[in-house]
Amino acid sequence: MKVATWNVNSLRVRLPQLLGWLAAHSPDAICLQETKCEDATFPAAELAAAGYCSVHNGQRTYNGVAILSRRQGSGVCRGIPRFADEQSRVIAADFDGVRIASVYVPNGQSVGSEKYAYKLRWFEALEAWLASELASHPRLAVLGDFNVAPEDRDVHDPAAWEGNVLFSLPERAALARLMGLGFADGFRLFDQPEKSFTWWDYRMGAFRRNMGLRIDHALLSPELAGRLVACGVDKAHRGREKASDHAPVWVEVSDS
DNA sequence: ATGGTAGAAACTCTA
């Protein structure tokens with residue numbers, strides 16, 4: 001079973017690239033973030049024509065998460081239960097005995113801002129929810145844009161980023177606590193190229209200079225981690241025309 | 001030096 005995650009930065013703008021990626025990689029499921037559209041304008045028909053079912057938690061202009069899948073999901077959950085949030089940042093569903101969650105953690109804007117405080121509160125709610133999800137779903141995969149680089153090696157220039165949003169210690173601690181529930185970082189279960197990132201700013205020629213951060217992650221419950229056979233980043237996408245500022249990340253889980 | 005670019009939407013916000 002191949003599962004991917006991709007912050008598409010507008011689904012309608014990125015639909016041609018998404019359809020191309022699905023045709024080339026044929027994932028069983030893909031988690032999307034920043035669809036930036038309401039459910040009413042979600043391109044379900046075009047995706048169905050490409051062979052994918054979809055579930056969406058959308059909103060106008062900002063945010064928006066979805067899961068596309070070869071087979072129909074069940075038990076769809078929109079948002080973090082019992083956490084009041086006007087922003088559409090979570091959707092989860094069951095696919096052939098695997099619980100998949102697509103998450104879009106708040107960016108946080110800048111350390112000390114109101115949006116940063118919201119990000120830290122949001123992480124606490126996510127952690128509490130995922131603790132109960134882990135207890136009820138042994139095969140749980142949480143994929144998405146976490147907007148946090150976990151370690152120095154996940155940042156092109158850790159000294160320059162130290163203390164900045166996406167790499168500040170409170171954010172890294174929040175992600176570490178969440179991982180402490182028992183999740184594995186799928187990317188680090190395998191040898192990876194040095195300076196592997198998943199996001200590069202559109203500005204200042206950041207991609208050309210590989211000035212990136214690894215902030216998109218695939219977290220696996222212990223049972224799924226034990227079945228993981230590969231994980232990678234499709235960096236090639238980021239160099240193409242009309243690319244998202246994020247590259248797709250994918251994991252391959254053994255079916256047996 | 002607080003820049004630069006992309007997207008949605010509506011003359012500005014978010015990332």
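For the numbers below, each heavy atom of this structure counts, side chains included, while hydrogens, waters and symmetry mates do not. No experiment lies behind these values; they were computed from the predicted model shown. Order of the sequence lines sets the chain letters (A, B, ...), proteins ahead of strands, with each chain counted from 1.
For A/Tyr118 and B/dT14, the OH to P distance is 12 Å, given to the nearest whole Å. Taking atom CD on A/Glu34 and atom P on B/dA9, their separation rounds to 13 Å, with Å as the unit. Put simply, CH2 on A/Trp200 is 24 Å from P on B/dG4, counting in whole angstrom units. The distance from atom NZ of A/Lys115 to atom C1' of B/dT14 is 7 Å, rounded to the nearest whole Å. One can place OH of A/Tyr104 at 14 Å from P of B/dG7, the figure rounded to the nearest angstrom. If you take CZ of A/Arg12 and C1' of B/dG7, they are 11 Å apart, rounded to a whole angstrom. Here the P atom of nucleotide B/dG7 and the CD atom of A/Glu241 are 11 Å apart, to the nearest Å. Counting to the nearest Å, the P atom of B/dG4 and the CZ atom of A/Arg209 are 14 Å from each other.
When distances are taken from the side chain of A/Met204 to each of B/dG4, B/dG7, B/dA9, the shortest belongs to B/dG4. Closest to the A/Lys36 side chain, of the nucleotides B/dG7, B/dG4, B/dA9, is B/dG7. Between B/dG7, B/dA10, B/dA8, one nucleotide has an atom nearer to the side chain of A/Arg14 than all others, and that is B/dG7. Of the candidates B/dT14, B/dG4, B/dA15, B/dT14 carries the atom nearest the A/Tyr62 side chain, counting heavy atoms from C-beta on.
For the pair A/Arg70 and A/Asp28, the salt-bridge criterion is not met [side-chain N within less than 4.0 Å of a carboxylate O]. Taking a cutoff of 4.0 Å between a charged side-chain nitrogen and a carboxylate oxygen, A/Arg188 and A/Asp154 qualify as a salt bridge. Remark: A/Glu194 does not engage A/Arg153 in a salt bridge, criterion side-chain N to carboxylate O under 4.0 Å. The pair A/Arg139-A/Glu223 counts as a salt bridge, with a side-chain nitrogen and a carboxylate oxygen less than 4.0 angstrom apart.
No engagement by A/Phe207 is indicated, since no non-hydrogen atom pair under 4.0 Å with the nucleic acid exists.
Side chain to side chain, A/Asn9 and A/Lys36 meet the donor-acceptor criterion of an N or O pair below 3.5 Å.
Between B/dA15 and B/dT2, the two P atoms lie 22 Å apart (nearest whole Å). Atom P of B/dT5 sits at a distance of 24 Å from the matching atom of B/dA10, rounded to the whole Å. Separating the P atom of B/dA1 from that of B/dC13 is a span of 24 Å, rounded to the nearest Å. B/dG7 and B/dC11 have their C1' atoms separated by 15 Å, with the value rounded to a whole Å. Atom name P, nucleotides B/dG3 and B/dA8: the rounded distance is 23 Å, in whole Å.
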DNA chain B base-pair string [pairs: Watson-Crick or G-U under 3.5 Å; |: paired with another strand]: ....((((...))))

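A cation-pi arrangement is found for A/Arg172 relative to A/Phe167, the charged atom lying closer than 6.0 Å to the ring centre and inside a 45° cone about the ring normal.
Comparing A/Asp145 and A/Ala243 against DNA chain B, the residue whose closest nucleotide sits nearer the 5' end is A/Ala243. Residue A/Leu11 is the one, among A/Leu11 and A/Pro106, whose nearest nucleotide of DNA chain B lies closer to the 5' end (criterion: closest heavy atom).
Between A/Phe197 and A/Trp200, the ring-plane angle classifies as perpendicular under the 30° and 60° cut-offs.
Considering OH of A/Tyr202 and OG of A/Ser244, their distance stands at 5.0 Å, rounded to 0.5 Å.
Taking 4.0 angstrom as the limit, A/Arg60 places a side-chain polar atom (N or O) nearer than this to OP1 or OP2 of B/dA10.
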